[in-house]
J.: 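Here you go, one structure.
Note that these values count all heavy atoms, side chains included, but never hydrogens, waters or copies made by symmetry. Worth saying up front: this structure is predicted, and the values here are computed from it rather than measured. The first residue in the sequence is number 1, and the count goes up from there. In each ligand, atom 1 is the first atom listed, and ligand 1 is the first ligand listed.
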Amino acid sequence: MSVQIPRGTQDILPGKVEYWQFVEQKAREICRAFNYQEIRTPMFEHTELFQRGVGETTDIVQKEMYTFQDRGERSLTLRPEGTAAVGRSYVTHKMFGSPTQPTKLFYIGPMFRYERPQAGRFRQFVQFGIEALGVNDPSIDAEVLALLMTFYQSLGLKKIKLVVNSLGDTESRQAHREALVNHFSPRIEEFCSDCQNRLYKNPLRILDCKKDRDHELMATSPSILEYLNDYSKEYFETVQQYLTDLNIEYVVDPTLVRGLDYYNHTAFELMSEAEGFGAITTLCGGGRYNGLIQEIGGPETPGIGFALSIERLLAALEAEGVELPVETGVDCYVVTLGDAAKAKSVSIVNTLRQAGFVAEKDYQDKKVKGQFKAADRLQAKYVVVLGDDELAKNIVNVKNMSLGTQEEVALDQLVAYLQKQS
Ligand code: HAM
């Protein structure tokens, strides 16, 4: 039996990979405009980083991490997300010491979670994420959301909904936490064992439980927005004012809590509202995490960011019927007839490629008809025809495949001729 691909992973083959390249390129361009710089961190980190950063009581840490011991008996984990890793790097390289703050970073790379695979949920998936560290100001929260919306809209997505909430500061969360404990504790035995464990450790996590989602106490649970202190309330109102100034449409959902522990103040998710998108509609998630850097051993540093997976983004584009303008064809295909012409085609394609054209030739001794068929299959814009007779006269025939016209061109003028056409 042949070896199978691991569950929850996928090969991205030519024909599809161009879409990945296109959206990744778009992400890079938009990050450049917003002045976010790329960071690349290792695929694995010390397990402790995610336990402390993402949170012991989260599903990610409790159930979904790919954790292993290396030969030196260290516990390592394939990164399930990028924020804790970027935070670790920020501390390792003392980026907090840089005079220009915030430190604005982005990343594109694979993440790993041992989840139950289904449409839109993979065990290896690629996240594009940004993190702005070092500044606590509502304008940065709005900027992060503006970058996010610019990215989706530039790709042509329309059926999307931005949902925002505030989880407040430590004081507000403490008050909310007590209210949650009081709300759930009388009937906690009706909840799953995970929730029972979470009640005193981290009751906010109960609101994110997939098993107990439909319990009647969920719908009536105390809303964080009622427990925001003045500072948190004002912070959230200012963020919303900026969003309005930037013409960013959003809805406030006080039940949005996110699945990771490091959030406070602004939290948000972006949903697809495209018909037939499937059960999992969250395209992107993010928020502010003012305690994370300290939690992982750095100085007190505020931060905010988001991450989205390319897999879900491409699925949303497909569900909305958006065609990305990717190019897969070649500019010129060199068709030869005769041995001398065949030998010469090696240097002709090379010259064309050096000049920046996507050029291809036959490698299988195909007949002229077969070579034309191959040119068609590759959607060649031009076919350069060279026989031994033409070669003797140092000329080629260039056929424009969309117009069906043909012109004789001196071999040493081929590049100049094609440059003039494009
Ligand atoms: P998250 O909500 O766990 O947040 O993941 C963010 C996004 O990653 C999701 O909205 C989804 O697009 C994608 N994603 C997550 N799991 C999967 C999966 N199994 N298959 C496919 N896509 C998936 C974070 O990861 C935070 N680090 C986001 C953040 C950045 N917060 C602040 N900065």
J.: Using only heavy-atom distances, determine whether the side chains of Q25 and R28 contain a donor-acceptor pair under 3.5 Å.
T.: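 Checked: Q25/R28 side chains show no N/O donor-acceptor pair below 3.5 Å.
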
J.: For atom 32 (C) of ligand 1, find the nearest protein heavy atom and state the residue, atom name and distance (0.1 Å precision).
T.: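 Scanning the protein heavy atoms, the shortest distance from atom 32 (C) of ligand 1 goes to G305 O, 3.2 Å.
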
J.: Looking at E131, which atoms of ligand 1 are within less than 4.0 Å of one of its heavy atoms?
T.: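 It comes down to these atoms of ligand 1: 30 (C), 32 (C), 33 (N).
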
J.: List every atom of ligand 1 that sits less than 4.0 Å from any heavy atom of E81, numbering the atoms from 1 in the order shown and giving each element.
T.: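 Going through ligand 1 atom by atom, the ones under 4.0 Å from E81 are 25 (O), 26 (C), 27 (N).
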
J.: Looking at Y363, I'd like to know if the NZ or CZ of K361 sits under 6.0 Å from its six-membered ring centre while staying within 45 degrees of the ring's axis.
T.: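 Output yes; distance and angle both within limits.
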
J.: Could you find the nearest protein heavy atom to atom 14 (N) of ligand 1 and give me its residue, atom name and distance?
T.: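 Atom 14 (N) of ligand 1 sits closest to the protein heavy atom F125 CE1, 3.6 Å.
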
J.: For a side-chain contact (heavy atoms from CB on, under 4.5 Å) check, start with the C-alpha distance between F268 and V144, then their side-chain angles and the critical distance, and finish with the verdict.
T.: CA-CA 11 Å; F268 56 87; V144 164; 4.1 Å; yes

J.: Where does Y262 meet ligand 1, judged by heavy-atom distances below 4.0 Å: at the side chain, the backbone, both, or neither?
T.: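 Y262 to ligand 1: side-chain contact only, backbone stays beyond 4.0 Å.
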
J.: Under 4.0 Å from a heavy atom of A307: which atoms of ligand 1 are those, numbered in the order shown and with their elements?
T.: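 The atoms of ligand 1 under 4.0 Å from a heavy atom of A307 are 6 (C), 7 (C), 28 (C), 29 (C), 30 (C).
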
J.: For ligand 1, note which part of R258 has a heavy atom under 4.0 Å away: side chain, backbone, both or neither.
T.: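 It is the side chain that gets close, since no backbone atom is under 4.0 Å.
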
J.: Return yes when P80 approaches ligand 1 closer than 4.0 angstrom through a heavy atom, no otherwise.
T.: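 It does not; every heavy atom stays at 4.0 Å or beyond.
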
J.: For atom 30 (C) of ligand 1, what's the nearest protein heavy-atom neighbour? Residue, atom name and distance, please.
T.: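 So the nearest neighbour among protein heavy atoms is T83 OG1, 2.9 Å.
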
J.: Do the side-chain N and O atoms of N136 and R288 include a donor-acceptor pair separated by under 3.5 angstrom?
T.: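 Yes - a donor-acceptor pair under 3.5 Å links their side chains.
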
J.: Below a 4.0 angstrom heavy-atom separation, can you tell me which part of L283, side chain or backbone, both or neither, approaches ligand 1?
T.: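 The answer is the backbone of L283.
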
J.: In terms of residue, atom name and distance, what is the protein heavy atom nearest to atom 5 (O) of ligand 1?
T.: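 Here the closest protein heavy atom is Q127 NE2, 3.4 Å.
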
J.: What I want to check is whether the side chains of S232 and S172 have a donor and an acceptor closer together than 3.5 Å.
T.: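 Note: S232 and S172 side chains meet the donor-acceptor criterion.
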
J.: Tell me which protein heavy atom sits closest to atom 11 (C) of ligand 1, plus the residue, atom name and distance to 0.1 Å.
T.: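 Sorting protein heavy atoms by distance from atom 11 (C) of ligand 1 puts R312 NH1, 3.4 Å first.
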
J.: Hey, is G287 one of the residues with a heavy atom under 4.0 angstrom from ligand 1?
T.: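 For ligand 1, residue contact (heavy atoms, under 4.0 Å) with G287 is present.
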
J.: Under a 4.0 Å heavy-atom limit, does M111 contact ligand 1 with its side chain, its backbone, both, or neither?
T.: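 The answer is neither.
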
J.: What do we get for F306 next to ligand 1 when only non-hydrogen atoms under 4.0 Å count, side chain, backbone, both or neither?
T.: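 The answer is the backbone of F306.
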
J.: Any idea which atoms of ligand 1 are less than 4.0 Å away from a heavy-atom of G286?
T.: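 Numbered from 1, ligand 1 contributes 31 (N).
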
J.: Does the pair R7/E115 count as a salt bridge with the N-to-O cut at 4.0 Å?
T.: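 Salt bridge between R7 and E115, a charged N being under 4.0 Å from a carboxylate O: no.
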
J.: Distance only, no hydrogens: is a donor on one side chain within 3.5 Å (strictly under) of an acceptor on the other, for N182 and E178?
T.: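 No - no donor-acceptor pair under 3.5 Å links their side chains.
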
J.: If you measure from the Lys or Arg side-chain nitrogens to the Asp or Glu carboxylate oxygens, is any gap between E81 and R79 under 4.0 Å?
T.: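 Salt bridge: no.
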
J.: Which residue supplies the protein heavy atom nearest to atom 21 (C) of ligand 1, what is that atom called, and how far is it?
T.: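 The closest heavy atom on the protein side is G120 O, 3.3 Å.
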
J.: Quiz question: by atom type and distance under 3.5 Å, do the side chains of T58 and E56 form a donor-acceptor pair?
T.: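 T58 vs E56: no donor-acceptor pair found between side chains.
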
J.: Do me a favour and list the nearest non-hydrogen protein atom to atom 31 (N) of ligand 1 with residue, atom name and distance?
T.: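 Here the closest protein heavy atom is Y263 OH, 2.6 Å.
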
J.: For ligand 1, which atoms, with element, lie under 4.0 Å from some heavy atom of G285?
T.: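 It comes down to these atoms of ligand 1: 10 (O), 28 (C), 29 (C).
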
J.: Parallel, tilted or perpendicular for Y66 and Y114, by the 30°/60° rule?
T.: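 Plane angle over 60°, so perpendicular.
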
J.: Hey, which atoms in ligand 1 end up nearer than 4.0 Å to a heavy atom of Y289?
T.: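 With Y289 as reference, the close atoms of ligand 1 come out as 32 (C), 33 (N).
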
J.: Check each heavy atom of C284 against ligand 1 and say whether those closer than 4.0 Å belong to the side chain, the backbone, both or neither.
T.: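 Contact part for C284 vs ligand 1: backbone (N, CA, C, O).
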
J.: Measure R121 to ligand 1 on non-hydrogen atoms and call it side chain, backbone, both or neither using the 4.0 Å cut-off.
T.: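 For R121, the contact with ligand 1 is made by both the backbone and the side chain.
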
J.: Are any of the N or O atoms of E311 closer than 3.5 Å to those of ligand 1?
T.: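 In this structure, E311 places no N or O atom under 3.5 Å from an N or O of ligand 1.
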
J.: Is the ring centre of F184 less than 6.0 Å from the ring centre of F191?
T.: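 Judged by ring-centre distance (under 6.0 Å), F184 and F191 do meet the cut-off.
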
J.: Will you find, in the side chains of D141 and Y235, an N or O donor that is under 3.5 Å from an N or O acceptor?
T.: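 Checked: D141/Y235 side chains pair up, N/O donor to acceptor below 3.5 Å.
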
J.: In the protein, which heavy atom is nearest to atom 22 (N) of ligand 1, and how far is it?
T.: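 I find the closest protein heavy atom is S309 OG, 2.9 Å.
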
J.: What part of R123, side chain from CB on, backbone N/CA/C/O, both or neither, has a heavy atom under 4.0 Å from ligand 1?
T.: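 No part of R123 comes within reach of ligand 1.
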
J.: Counting only heavy atoms from other residues, nucleotides and ligands, does the tally under 6.0 Å from CZ of R74 exceed 12?
T.: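 Not more than 12 within 6.0 Å, no.
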
